[in-house]
Structures are given as structure tokens and as C-alpha cells.
J.: 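Quick one: the structure is below, and I'll ask about it shortly.
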Amino acid sequence: MRKDLVFGMAGSGGDGIVSAGDSLLQAAAAEGYHGVMTKSFGSQIRGGESSCRVRISTTPILNPGGNLDVAVALNWEDFLKFGAELPVAGTTVVIYEAATGIKETEIPLVGVTPLQVIAVPIAAMAKETAGTERAKNTVVLGLIAGWFGIGAVAVMKGIRKKLAKKGEELVEANQRAFDAGRAFAMEHPLKASMNVAASETKGQVKLITDGNDMCGAAAIFAGCQFFGGYPITPSTEIMQFFTDHVWKYGGAVLQAEDEIAGIGAAVGASFAGKKAMTATSGPGLSLKSEMMGLATIAELPLVIVDVQRGGPSTGLPTKTEQSDLFAAAFSAHGDVIRPVLAPTSVADTFRITIEAFNIAEHYQTPVIVLSDQEIASRKETLDPIDTSQFKIIDRLRPAAADLVDYKRFKQTENHISPISHPGMLGGTYLASGIEHVESGAPTNSGNVHQRMNDKRTKKFDPLKDRKDLFEVTGNPDAPIAMVAWGSVAGVCREALAMAQAEGLNVKLLVPYLLYPVAENVYNDYFASVQKGLVIEQTHLAQTFKLLRMHLDLPKGVTSLARSGANPFLPGEIVAALHRLLSELQRSHEGNLQPQE
Amino acid sequence: MSATCEFQAKDYKSDLKPIWCPGCGDFSVVQGIYRALAAIGRPPHEIAFVSGIGCSSRIPGYTTAYGFNSVHGRSLPIAQGIKLANPDLLVLAAGGDGDGFSIGGGHIAHLIRRNIDITYIVMDNQIYGLTKGQLSPTSQKGRVTCTSRYGSMENPVNPLLYVLAYGAGFVAQASPTDLAGMAATIEEAIRYPGFAFVNIQSPCVTYGEEAQQIKGLKAISESLKELGHNPEDRLAAMDLAQHYGEKLHLGVFYKNPEPQPTYDALVRERQALLSKDALPKERILDLFIKK
Ligand SMILES: Cc1ncc(C[n+]2csc(CCOP(=O)(O)OP(=O)(O)O)c2C)c(N)n1
Ligand code: SF4
Ligand SMILES: [Mg+2]
């Protein structure tokens with residue numbers, strides 16, 4: 001019995017392959033499995049190629065997985081377009097549409113011999129049982145239920161619910177298509193069984209959601225009452241979540257005329273005393289930088305979510321990348337520290353988004369949440385989260401004594417000044433992008449500027465001691481180390497477990513706080529390290545360079561970086577760790593040479 | 001809304017001493033604003049006054065209120081966020097011709113179509129004052145400035161037609177040539193329930209042309225009221241607005257006799273309608289339970 005299976009399916013837009021993935025994920029959740037689903041599209045709006053990966057496991061899942069265990073190709077042109085996103089290996093069972101006319105021995109996969117290749121007349125079965133080829137995806141779900149034991153009951157239960165409104169006839173047609181798929185699988189057993197073991201958590205409630213919806217829910221939980229933004233893939237669903245829900249909580253959402261107006265309105269709402277946010281992706285982040293600088297100097301709390309995609313410019317709008325790191329840390333001119341946080345999964349998007357609001361409110365600063373396309377649009381099954389564990393922080397409001405001769409930017413011990421808002425008697429002041437004295441009055445004094453820059457940057461010192469914004473796993477004294485963040489962290493967590501199982505003495509640091517760089521945390525972490533990798537989806541090794549800018553990394557720590565849209569696979573990271581180990585051993589042998 | 005008690009113009013004057021050039025038209029504008037606010041009587045802490053960047057954009061600093069001297073061209077986006085976050089506030093936005101009709105020009109149409117209840121005052125001096133005399137979007141064709149040494153080759157924007165064309169519910173013009181009239185016009189704009197626009201011909205004594213100084217403005221000014229203009233007639237307003245640049249029509253060009261509901265009011269309605277559907281926040285993740 002298998003504990004874990006990775007499915008990858010591709011077809012053209014009309015094939016409903018993504019909706020099949022959704023059904024599979026929901027069925028798996030209903031049967032108590034853990035699941036992760038990612039989807040990927042060509043750039044056409046409709047009818048282009050589309051694909052999904054669904055990973056199902058009896059234990060919690062760290063990432064969408066590496067090589068496919070099961071590949072489903074409704075046609076080969078579309079499947080091949082996804083290249084490294086759907087990697088087939090010698091361990092993969094390949095199922096494909098017989099109507100492609102390609103022989104099982106001649107499938108167009110270069111350089112691999114899959115475990116087993118099966119041509120299935122999927123379209124013909126759909127036509128015969130349901131009267132339409134549109135039921136192809138249901139046939140596929142039947143095949144999966146038959147061969148791998150997932151969703152035999154739950155899939156059709158889900159489909160029934162989804163199609164209930166469309167009439168019993170359609171439901172029955174799908175049932176026939178599903179049964180036909182299952183029967184085909186039963187009649188053609190796999191060479192080696194690949195059934196998944198039953199889940200131990202069968203019957204427990206599971207949530208299913210993606211990173212964008214999770215971010216929206218977390219923001220509302222954190223007390224956000226205003227969203228201003230402009231649609232851009234892959235961040236738009238956050239705004240959509242707000243348009244569905246924020247009114248109920250007395251808040252508002254504005255689809256603005258552009259990204260500048262979106263963040264501008266959020267700045268205004270924050271000035272008016274409300275927790276506020278905006279969300280965007282690469283090009284929008286570029287547009288927002290002037291306003292981010294304004295929020296920094298006016299010391300206004302604000303959360304900016306940037307769901308990264310391939311850049312620069314329009315780049316790869318539907319693919320994931322981590323290359324906005326520099327822009328997040330450094331965009332907006334002047335001497336600015338602006339905290340940057342990054343979630344690593346759908347589940348921790350909840351915590352990290354709340355953290356972003358707390359930090360924004362406490363430090364009176366814009367904070368960037370650097371999500372990425374993969375986390376934002378992948379769906380995860382989740383165990384229920386106990387929300388009572390999260391503390392919500394509100395900005396420091398002036399006490400009565402502060403409002404006597406009120407000074408908005410008063411120098412205080414921790415550099416944080418009580419902040420009033422319109423409507424508060426005695427609290428009127430001038431907020432400004434121009435340098436100002438403690439009262440808010442404009443100045444062009446160099447001395448004041450020096451002092452205010454001190455105030456606006458030193459206030460973040462305690463943030464760098466927030467060890468809870470870093471996760472170290474593996475052996476804390478290991479000589480071999482990895483650093484990874486965002487969606488790449490999940491791949492590295494899995495690689496860590498695999499490497500440890502192979503006896504490697506290795507550890508992993510996952511920073512949730514990317515900027516300001518917490519030098520002490522990294523120095524402690526690297527103290528034991530002789531060899532290491534900073535692993536990231538950027539072409540320029542931005543993370544590696546950001547760290548080097550702030551710390552002296554041990555000599556043996558190098559970069560493993562590449563552009564987005566080519567996901568890292570846990571196996572390749574383990575292989576890289578093995579290389580580090582042998583380098584380490586070689587250098588030790590060197591040390592053991594007798595000295596002349 | 002709080003009870004209005006008596007306020008005088010001086011109650012809205014802040015402690016900051018204006019650093020405008022002596023004689024700058026903006027001195028009159030800020031006086032007009034103090035008077036209008038006193039007539040309305042909202043206490044300073046219930047007023048938010050947002051501007052962009054420019055000489056004119058310094059104006060919130062000289063006014064006692066919650067001021068926000070933001071970045072160039074973005075007073076309106078910020079002002080709308082304030083109004084949506086707290087519709088009880090009286091929200092003013094102000095700035096220059098460059099701030100409003102060049103860098104920030106894209107925002108005006110959207111504030112108008114949303115009809116957010118904000119009053120927007122442009123101090124139109126047909127020049128970039130703060131940056132020392134460059135061509136502005138309202139400078140007339142042929143104007144010689146330091147960025148148009150041989151005369152500008154482009155036509156000016158007509159701010160009045162611009163906002164009328166987008167459907168603004170209240171459009172007026174004022175000038176320091178008639179301070180009492182200016183104060184009354186600003187007051188009427190603030191009282192108008194919806195987006196209201198006041199273009200103020202405010203001379204730049206340092207970089208402005210001779211013809212645009214007080215004397216020149218007086219020579220071409222005409223009161224719309226005295227002309228017998230009916231401010232409920234939008235087409236007549238557009239007709240008169242065509243003369244922007246040659247004539248200085250003072251007063252209300254257009255005031256919608258049936259103001260549309262404001263965006264901020266609609267937001268409130270929606271909040272009230274949907275509040276009963278709110279899951280307690282601590283249970284918000286129940287939204288993701290697939291039954
Ligand atoms: C993004 C940006 N671009 C340019 C400037 C420089 N700048 C400041 S004010 C201004 C124009 C001012 O003209 P106007 O808005 O008409 O105001 P006035 O000074 O005439 O009152 C310019 C170009 C700036 N501050 N920010
Ligand atoms: S430069 Fe012109 S607009 Fe600016 S303060 Fe002087 S007179 Fe006024
Ligand atoms: Mg000007």
C-alpha cells in the first residue's frame with residue numbers, strides 16, 4: 001500500500017482537467033486524506049492547455065511533490081507544454097488517450113521509460129456512456145478510483161452535488177462515465193498495485209482552500225476593514241474575497257482605477273484609523289512604490305500583498321517565481337526599512353498575514369507579504385485551525401495625556417508614537433511625505449532628517465529578534481545547511497526528510513521574515529555550517545545576495561538558484577546535498593594529509 | 001455627525017506660517033476655505049484635508065484639521081480611502097493644475113463616476129509653481145516657459161469641461177478677485193452631497209503671466225449669476241465652460257438638482273444589509289469547510 005501519490009494531468013481547456021483535479025482533491029479530503037493541488041495554464045483565457053497536479057497522502061503534505069506517480073495525458077501536445085511542471089520518471093504510470101493514435105511503445109517522452117504505459121479510449125468511453133466527450137474527465141476520475149482506490153464513492157457524491165441543479169439526466173450520464181472508467185481499470189490491473197492506504201483521519205473535518213482566499217480570510221480575521229486594489233493575475237482573488245465578505249464586517253473594498261489609486265485609498269483608510277491593505281503582483285508592485293515610501297515616512301500601518309509571478313514586466317504572468325525579493329525589500333527611494341514576510345504554504349498564509357497586520361500596526365509601517373503564484377493558487381486540505389491562538393494587535397492610540405499638545409511623531413523610547421486619526425478630538429496633525437518635526441510640521445533641517453530617519457529605522461530593531469519568524473528543522477549542529485523561503489521552502493522540507501532518511505547530517509532554515517535581515521538568527525544558524533545552499537527561484541540569486549549584503553556567509557555556502565516556472569524537485573535538492581557531503585568529505589581528507 | 005457649535009474662520013487657521021511668495025493667490029484661497037468651513041461649522045477634528053505636492057498643496061498645513069500633504073497627483077485616491085473608511089468625515093482635497101490635471105488627471109474621472117462625497121479644489125495658476133515655472137496642462141498654447149522656450153506646441157486642458165464631461169454633479173469656478181464669492185462657492189460645494197469641483201483661478205505672482213494676475217483676471221471676470229445662467233442646465237454650463245481661458249466665469253456652472261446617491265452612502269447601505277451574514281471572525285475559516 002502506498003502512503004502518497006502524485007497525479008499530473010493535462011489536456012486542452014475544454015477537457016475539464018482542472019475540474020477533475022478539484023473533484024479528486026475534494027473526494028480525497030472527504031476520505032480523510034491530505035491533499036495539495038496546483039494548476040497551471042497556458043496564457044490563453046479559454047481553450048488553451050491546462051494542467052493540474054494533485055498529491056494525495058495519508059500524512060501532512062509539504063509541497064506538491066516531485067516526479068509524477070501517475071501522468072494523465074488527454075493529448076500529448078498539451079501535456080508536453082508543461083515540461084518540468086509535469087515530470088515523468090521511471091516510476092511513473094502513464095495513462096493517455098488512445099485516440100491520439102500513438103502506440104504505447106512510442107509515446108513522445110524523451111529519455112525516460114515509464115513504469116507502465118496504458119492507452120485508454122477515454123473519449124470513446126465518454127461518448128458511449130454519457131453521449132458526449134465532455135465526460136472525459138469523469139472517465140479519468142473513474143480510472144483513478146479503479147486503479148488507485150481514491151474516491152470510489154466520494155467522487156460521484158461530489159459530482160452529484162455539483163450537478164444537482166443541472167438535472168438528474170446529467171448526473172446519471174456522469175455516473176455511467178465514471179463506472180466505465182472504473183470498470184476499465186478493474187479489467188486492466190496495473191502490473192504492480194499502487195493502491196493508497198486508507199487514511200487514519202477518515203471522517204475528520206477538512207478545510208480546502210488556496211493561498212489567496214486564505215490571505216483574505218486572515219486579513220479579515222486580523223481586523224482589516226479596507227481593501228483598495230486593481231486586478232492582476234495571480235493576486236486578484238484576494239480582492240474578490242473582500243468583495244464577497246468585507247461588507248459584513250463593516251468594511252469596504254474599492255476596485256480602483258489603477259494600482260496607485262488602490263494603494264492610495266488604502267493609505268487614506270489607514271490614515272482614517274482603519275486597518276487597510278492592498279494586493280497585487282509584480283507590475284503593480286512597481287507602481288505602488290511611491291505610495292509605499294509615503295506610508296513609511298507618514299508612519300502609517302499598511303499591508304501590501306505581492307503575489308509573485310515571473311518578471312520583469314509582464315514576464316510569465318501565470319507562473320511562479322521569487323524574483324520580487326529585491327523590489328519588495330528595496331523599492332521606494334530614500335532610506336527605508338519596510339518589513340517583508342513570506343508564507344510557505346496555504347496553511348501558514350493565515351498566520352503570516354495576521355503577523356503582517358500585527359507588525360504593520362505595531363511599528364506603524366507598510367509591510368509586504370511576499371506570496372507567490374504557487375501558494376496563492378494551489379489548494380490544500382487543512383485540518384481545522386484554532387484561531388484563538390492568534391493575538392491581534394492594534395496601533396498605539398493616544399491616551400488623554402498624549403492629546404494635550406499632541407505630537408504625532410513624538411520621539412519615544414521605542415521610537416513608536418501614539419497615532420491619532422480623523423474624528424479624534426485633540427489629535428489633529430499634518431501627515432506628510434515631506435520630512436517633518438515631531439508635531440508633523442514640515443522641515444528641511446538636516447538634523448531633524450537624521451533624527452527622524454533614526455526613529456523610522458531603529459524602531460525595527462526588536463523585529464530582528466523575533467525568532468518565531470524563523471523555523472529551523474533538522475539537526476541544529478549539522479555541518480550541511482539549506483536556506484529556503486516561500487513555496488520553495490516546502491520542497492526543501494521534503495528534501496530534508498529524504499536526506500535525513502539517507503543518513504545526511506543536514507538542517508534547514510526557513511525565514512518567514514525576509515527583511516530586515518535578522519543577522520543574529522543567520523549567524524547562529526551558520527555557526528555549525530561548513531557547506532550549504534541558499535535555494536531560490538530567482539535568476540540572479542537575490543536571496544543569496546541579500547544575505548551576503550548583511551552577513552559573512554561561510555565560504556562553503558553557495559547558491560542554488562534558477563528562474564521561475566521550473567519548480568525544484570525534492571530529489572534534485574537531495575542530490576545537491578549529497579554533492580555537498582562529498583565535497584565536505586574530500587576537504588576533510590585534505591586536512592588529514594600528513595604535514596611535511 | 002456631531003452637533004455644530006459656533007466656529008469662526010480663525011479657528012481653522014493653523015499655527016504654521018505660509019511660505020508662499022507674498023501676493024500669491026493661494027493666500028486668498030486658504031482664507032476662502034476658512035470662511036467656508038466656519039459657515040459650515042464642523043469642528044476641525046472631523047475634517048480631513050488632503051493634498052498632493054505643489055505650492056498650492058501646502059494648503060492643508062495652513063488649515064487646522066486632519067491634514068495630509070501626500071505625494072504629487074494623488075490627493076484624490078487618498079481622500080476617497082478616507083471617506084470610505086469613515087463617511088462621517090468632511091473630506092476636502094486640493095492641489096494645483098499640474099497635480100490635478102497632469103500627473104493626477106487619471107483619477108478625477110473615477111472619483112466623479114463613483115460620486116464620492118468629496119470637495120475638490122484646484123488652484124489653477126496655469127504654471128508649475130513649486131518647480132519654478134514649467135509648462136502646466138492648463139498653460140495656453142504658445143506659452144513661453146522654462147520648458148517651452150520657443151512657445152508650447154500643445155493645447156491646454158479645459159478643467160471645467162473635463163469634469164462636466166465626466167458627469168460631475170457640482171462644478172464651479174472662483175477667484176481671489178471676489179473673496180466673498182469664493183467662500184460662498186466653496187461652502188456650496190462642500191454642502192453638495194456628492195463629488196464637487198471648484199476651479200480657482202489663483203495667480204502665481206512669481207511665474208504667472210501678466211494677464212493672469214488679479215488685474216487681468218478682474219478684466220475678464222463675469223458672474224454667472226449676473227449673466228442669468230441656470231446652474232441646473234448642464235448643456236448651458238458646458239457652453240459657458242468653452243470660454244475657459246478667455247473669460248473668467250465666476251460662480252456655479254452646474255449643480256445637479258437631483259444628486260445621485262453617493263458611493264459612500266451605498267457602501268453604508270451594503271454594510272447594513274450584509275452585516276447579518278457575518279460569521280463570527282474567529283470562525284471565518286469555516287468558509288472553507290467542504291461539506
Ligand atoms: C512624482 C513626482 N514628480 C514630480 C514632482 C515634482 N513636482 C512637484 S510639484 C510639481 C508641479 C507643481 O505644479 P502644480 O501642481 O500646478 O502646483 P503649483 O505649485 O503650481 O501650485 C512637480 C512637477 C514630484 N514632487 N513628484
Ligand atoms: S511660486 Fe507662484 S504659486 Fe508658488 S508660492 Fe510663489 S506665487 Fe504662489
Ligand atoms: Mg500650478
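Lettering follows sequence order; numbering is per chain, from 1. Keep in mind that the numbers below use all heavy atoms, side chains included, and drop hydrogens, waters and symmetry copies.
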J.: With chain B as the partner, which of A:K206, A:Q26, A:E290 has the greatest number of non-hydrogen pairs under 4.5 Å?
T.: A:E290

J.: With distance as the sole test, does B:Y66 use its side chain to make a donor-acceptor pair with the main-chain N or O of A:A431 at under 3.5 Å?
T.: no

J.: Let me know if A:A266 has heavy atoms under 4.5 Å from chain B in its side chain, its backbone, both or neither.
T.: neither

J.: Can you confirm whether B:K17 is buried at NZ, in the sense that more than 12 heavy atoms of other residues, nucleotides or ligands lie under 6.0 Å from that atom?
T.: no

J.: For B:S70 versus A:L294, what's the shortest heavy-atom pair and its separation?
T.: CB-CD2, 3.8 Å

J.: Relative to chain B, which segment of A:H421 carries a heavy atom at a distance below 4.5 Å: side chain, backbone, both, or neither?
T.: backbone

J.: Top residue by heavy-atom pair count (under 4.5 Å) with chain B, among A:G426, A:G433, A:A272, A:G427?
T.: A:G427

J.: Go through the atoms of A:F241 and report whether side chain, backbone, both or neither lie under 4.5 Å from a heavy atom of chain B.
T.: side chain

J.: Nearest 0.5 Å please: distance from the CG atom of A:D386 over to the CD atom of B:E282.
T.: 10.5 Å

J.: I want to check something: taking the side chain as every heavy atom from C-beta on, are A:D213 and B:F288 in contact at a cut-off of under 4.5 Å?
T.: yes

J.: Report yes if some heavy atom in the side chain of B:H45 is under 4.5 Å from a heavy atom in the side chain of A:M424; otherwise report no.
T.: no

J.: If we define contacts as heavy-atom pairs under 4.5 Å, which of B:S275, B:A65, B:A48 has the most with chain A?
T.: B:A65

J.: For a quick test of reading the model, state the closest non-hydrogen atom pair linking A:A261 to B:P77 and the distance between them.
T.: CA-CB, 3.6 Å

J.: Taking side chain as C-beta onward, heavy atoms only, is B:K281 less than 4.5 Å from A:T387?
T.: no

J.: Please round to the nearest 0.5 Å and tell me the distance separating atom OG of A:S439 and atom CG of B:L16.
T.: 7.0 Å

J.: Is there a donor-acceptor pair under 3.5 Å between the side chain of A:K248 and the backbone N or O of B:L274?
T.: no

J.: Taking the side chain as C-beta and beyond, is there a heavy-atom pair between A:F271 and B:V50 under 4.5 Å?
T.: no

J.: Are the side chains of B:I47 and A:T428 in contact, using a 4.5 Å heavy-atom criterion?
T.: no

J.: Side chains of A:F226 and B:L84: does their closest heavy-atom pair fall under 4.5 Å?
T.: yes

J.: Checking A:M291 against chain B: side chain, backbone, both or neither under 4.5 Å from a heavy atom?
T.: side chain

J.: Quick check on A:L300 against chain B: is it the side chain, the backbone, both or neither that has a heavy atom closer than 4.5 Å?
T.: side chain

J.: Can you give me the closest heavy-atom contact between A:G423 and B:L89, atom names plus distance?
T.: N-CD2, 4.0 Å

J.: Can you tell me which portion of A:V246 sits under 4.5 Å from chain B's heavy atoms? Options are side chain, backbone, both or neither.
T.: neither

J.: Contact part of A:A252 toward chain B, heavy-atom cut-off under 4.5 Å: side chain, backbone, both or neither?
T.: both

J.: Go through the atoms of A:F390 and report whether side chain, backbone, both or neither lie under 4.5 Å from a heavy atom of chain B.
T.: neither

J.: Report which part of B:L285 has an atom under 4.5 Å of a heavy atom belonging to chain A: side chain, backbone, both, or neither.
T.: both

J.: Heavy-atom distances under 4.5 Å only: say whether B:T64 touches chain A with side chain, backbone, both or neither.
T.: side chain

J.: Does a side-chain N-to-carboxylate-O contact under 4.0 Å join A:E257 and B:R114?
T.: yes

J.: For residues A:L430 and B:Y62, determine if any side-chain heavy atom of one lies less than 4.5 Å from a side-chain heavy atom of the other.
T.: no

J.: Given 3.5 Å as the limit, does a donor-acceptor pair link the side chain of B:Q271 with the main chain of A:G251, or not?
T.: yes

J.: Give the member of A:L382, A:L254, A:V205 that has the highest number of heavy-atom pairs under 4.5 Å with chain B.
T.: A:L254

J.: With side chains defined as the heavy atoms from C-beta onward, is the minimum distance between B:D277 and A:W247 less than 4.5 Å?
T.: no

J.: Under 4.5 Å from any heavy atom of chain A, what part of B:Y263 do you find: side chain, backbone, both or neither?
T.: side chain

J.: If only atom types and distance count, is the side chain of A:Y249 paired as donor or acceptor with the main-chain N or O of B:L279 below 3.5 Å?
T.: yes

